[in-house]
Asker: 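Mind looking over this structure? Questions follow.
We count ligands from 1, going down the list as the structure has it; atoms in each ligand are counted the same way.
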Amino acid sequence: MKILVTGGAGFIGSNFILYWLKNHPQDLVINLDKLTYAGNLENLKDIKDNKNYSFMHGDICDREIVDKAMEGVGLVVHFAAESHVDRSIMNPSEFVKTNVLGTQVLLDSALKNKIKRFHHISTDEVFGSLKLNDLSIFNERTNYNPRSPYAASKAGSDHLVKAYHVTYGLPVTISNCSNNFGPYQFPEKFIPLAITNLLEGKKVPVYGDGLYVRDWLYVEDHCRAIDLILEKGTVGETYCIGGLTQDINNLEVVKKILKILGEGEEKIEYVKDRPGHDRRYALDWSKIKDELGWEPLYGFDEWLKKTVEWYKKNRQWWTNVKNGEYKTYYKKLYGRP
Ligand code: NAD
Ligand code: DAU
């Protein structure tokens, strides 16, 4: 089988390609990626000479390149996106372009090329925000209520994917996943930002009161869920994918990282809150468990420790990434180097 992965040089996409080639060594994987600030071919250095892997540099908004990438492909797994909420607040246009228009270009090409399955990677952020200390939880039937430009652009892409299934019969599946963590995550995101700042002797910026809740999932669990959806999922269906944490807030996450690194709470710095900051996400993943037999294998505390170890061992990877554009972005967002 020939499989096209979009955004395979990013955090989850690169973990997925490494996972896929390990578990499906007979398949051919094409990675189409624009290599934005978030794309990094270093993530894939271990497989760059694998004859079943090839890289194509290109933008998913470019019809010509997308049509070329789609030739002879059976499966498409679509990760490519602008993915960081804070950047979407600074510059929403890029998010609409890549996440909405780029997805539509891919869908057109998938139809033209009679793709057997188009799997769209989405997020729990499309469902909006839950209240703290509440029993409510998102599931596949929750109404969409995106509240950031990022979430709105992902919601737009989800709607297009569903519309191409209903209107044109494109065989699609969608997964809405919670916050991932693990190796190769760009250090603009909270967990790698906290770890790498501490390793550099800096403080960890915590937005607002720090009592924001996310559902955390180790990235390999996400990859395994996608694999199962491709293998056994029902065309036209959506699956929610979540982790094992239960209402753990950002301060608790930072305190765990501080403890792992032997640092004190004076390393926490409360900073200006994110505008429109979603208070709480929680996800019911019983559908994928009951229908496909998936559940997370990696507990938060143990895999957070392993993730910290990974960042300690791979200092060169993140120091390279934290140079250049990252410095300008960081200063603009946090008001200091
Ligand atoms: P990322 O920002 O680390 O990587 C995105 C990748 O897409 C990069 O390699 C980038 O170069 C590429 N890309 C961006 N614009 C492109 C374009 N126009 N054409 C081709 N390539 C382009 O993102 P991530 O965290 O790995 O997220 C991957 C996907 O998973 C996204 O769709 C995101 O919405 C979704 N998701 C992420 C999380 C999370 O916690 N990170 C959770 C749920 C869903
Ligand atoms: O829920 C899934 C989503 O998770 C994905 O769709 C997004 O692509 C991904 O970026 C992530 O979005 P979040 O906004 O939840 O992740 P982020 O790592 O940016 O922030 C996690 C929490 O930490 C959030 O409450 C904001 C807070 N935070 C973040 C940063 C960067 C801080 O307190 N300080 C920070 O410096």
Asker: Has S14 got any heavy atom lying under 4.0 angstrom from an atom of ligand 1?
Answerer: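 It does not, in that no heavy atom of S14 comes within the 4.0 Å cut-off of ligand 1.
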
Asker: Less than 4.0 angstrom from a charged side-chain N to a carboxylate O is my criterion; do E188 and R87 meet it?
Answerer: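 Yes, E188 and R87 are salt-bridged.
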
Asker: With nothing but distance in play, are any N or O atoms of N179 less than 3.5 Å from an N or O of ligand 2?
Answerer: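 Yes, N179 has an N/O under 3.5 Å of an N/O on ligand 2.
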
Asker: Which one holds for D124 and ligand 1: side chain close, backbone close, both close, or neither close, with close meaning a heavy atom under 4.0 Å?
Answerer: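 Contact part for D124 vs ligand 1: neither.
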
Asker: Can any side-chain N or O of N31 pair as donor or acceptor with the backbone N or O of G8 at less than 3.5 Å?
Answerer: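 Judged by distance alone, yes, a pair lies under 3.5 Å.
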
Asker: Could you find the nearest protein heavy atom to atom 8 (O) of ligand 2 and give me its residue, atom name and distance?
Answerer: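 Protein heavy atom with the smallest distance to atom 8 (O) of ligand 2: S83 O, 2.8 Å.
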
Asker: Side chain, backbone, both or neither: which applies to H222 and ligand 1 if a contact is any heavy-atom pair less than 4.0 Å apart?
Answerer: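 None of H222 does.
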
Asker: Please answer whether the main-chain N or O of Y184 pairs with a side-chain N or O of W317 as donor and acceptor at a distance below 3.5 Å.
Answerer: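 Not a single qualifying donor-acceptor pair exists.
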
Asker: Looking only at N/O atoms, are I12 and ligand 1 under 3.5 Å apart anywhere?
Answerer: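 Min N/O separation from ligand 1 is below 3.5 Å for I12.
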
Asker: So is there a nitrogen or oxygen of S178 less than 3.5 Å from a nitrogen or oxygen in ligand 2?
Answerer: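 Checking ligand 2 against S178, no N or O pair falls under 3.5 Å apart.
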
Asker: Here's one to test your reading of the geometry: is the NZ or CZ of K287 within 45 degrees of the ring axis of Y239 and under 6.0 Å from its centre?
Answerer: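 Yes, K287 sits over the ring of Y239.
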
Asker: Looking only at N/O atoms, are E125 and ligand 2 under 3.5 Å apart anywhere?
Answerer: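 Yes, at least one N or O pair falls under 3.5 Å.
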
Asker: Nearest protein heavy atom to atom 1 (O) of ligand 2, by residue and atom, and its distance?
Answerer: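 For atom 1 (O) of ligand 2, the nearest protein heavy atom is D124 OD1, 2.5 Å.
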
Asker: Below 4.0 Å, non-hydrogen atoms only: which portion of Y150 touches ligand 1? Side chain, backbone, both or neither.
Answerer: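 It is the side chain that gets close, since no backbone atom is under 4.0 Å.
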
Asker: Answer side chain, backbone, both or neither: which part of S122 comes under 4.0 Å from ligand 1, heavy atoms only.
Answerer: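 Within the 4.0 Å criterion, S122 contacts ligand 1 through backbone atoms alone.
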
Asker: Quick one: look up the protein heavy atom nearest atom 34 (N) of ligand 2 and list residue, atom name and how far away it is.
Answerer: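 That would be P205 O, 2.8 Å.
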
Asker: Which of the numbered atoms in ligand 1 are under 4.0 angstrom from any heavy atom belonging to D59?
Answerer: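 Matching atoms, with element in brackets: 17 (C), 18 (N), 19 (N).
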
Asker: Among all protein non-hydrogen atoms, which one is nearest to atom 42 (C) of ligand 1, and what is the separation to 0.1 Å?
Answerer: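 Going by distance alone, atom 42 (C) of ligand 1 is nearest to S178 O, 3.2 Å.
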
Asker: Among protein heavy atoms, which sits nearest to atom 26 (C) of ligand 2, and what does the distance come to when rounded to 0.1 Å?
Answerer: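 Looking only at protein heavy atoms, the one closest to atom 26 (C) of ligand 2 is H277 NE2, 3.3 Å.
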
Asker: Between the candidates W216, Y184, F79, which shows the shortest non-hydrogen contact distance to atom 28 (C) of ligand 1?
Answerer: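 Nearest option to atom 28 (C) of ligand 1, by heavy atoms: F79.
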
Asker: Note the single closest protein heavy atom to atom 33 (O) of ligand 2, along with its residue, its atom name and the distance in Å.
Answerer: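 In this structure, atom 33 (O) of ligand 2 has Y207 N, 2.8 Å as its nearest protein heavy atom.
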
Asker: Any atoms of ligand 1 less than 4.0 Å from a non-hydrogen atom of A38? List them with their elements.
Answerer: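 Ligand 1 atoms under the 4.0 Å threshold to A38: 2 (O), 8 (C).
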
Asker: Checking a contact table here: which protein heavy atom is nearest atom 19 (N) of ligand 1, and how many Å away?
Answerer: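 Result for atom 19 (N) of ligand 1: I60 N, 3.0 Å.
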
Asker: For atom 30 (O) of ligand 1, grab the closest protein heavy atom and report residue, atom and distance to one decimal in Å.
Answerer: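 Here the closest protein heavy atom is I121 CG2, 3.4 Å.
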
Asker: Any N or O on D86 sitting closer than 3.5 Å to an N or O of ligand 2?
Answerer: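 It does not: no N or O of D86 is found under 3.5 Å from an N or O of ligand 2.
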
Asker: How far is atom 5 (C) of ligand 2 from its nearest protein heavy atom, and which residue and atom is that?
Answerer: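 That would be Y150 OH, 3.6 Å.
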
Asker: Out of all atoms in ligand 2, which are within 4.0 Å of some heavy atom of H84? Include the element for each.
Answerer: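 Ligand 2 atoms under the 4.0 Å threshold to H84: 19 (O).
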
Asker: Considering only non-hydrogen protein atoms, determine which one is nearest to atom 22 (C) of ligand 2 and report residue, atom name and distance to 0.1 Å.
Answerer: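 Protein heavy atom at minimum distance: N250 ND2, 3.5 Å.
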
Asker: Out of R214, R87, R274, E188, whose heavy atom sits nearest atom 17 (P) of ligand 2?
Answerer: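 Ranked by closest heavy atom to atom 17 (P) of ligand 2, first place is R274.
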
Asker: Got the closest protein heavy atom to atom 20 (C) of ligand 1, with its distance?
Answerer: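 Residue, atom and distance for the closest contact: K34 N, 3.2 Å.
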
Asker: What residue and atom, counting heavy atoms only, is the protein's closest point to atom 21 (C) of ligand 2, and at what distance?
Answerer: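 Protein heavy atom with the smallest distance to atom 21 (C) of ligand 2: F190 CB, 3.7 Å.
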
Asker: So, are D221 and R224 salt-bridged, with charged N and O less than 4.0 Å apart?
Answerer: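 Judged by the 4.0 Å cut-off on N to carboxylate O distance, D221 and R224 do form a salt bridge.
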
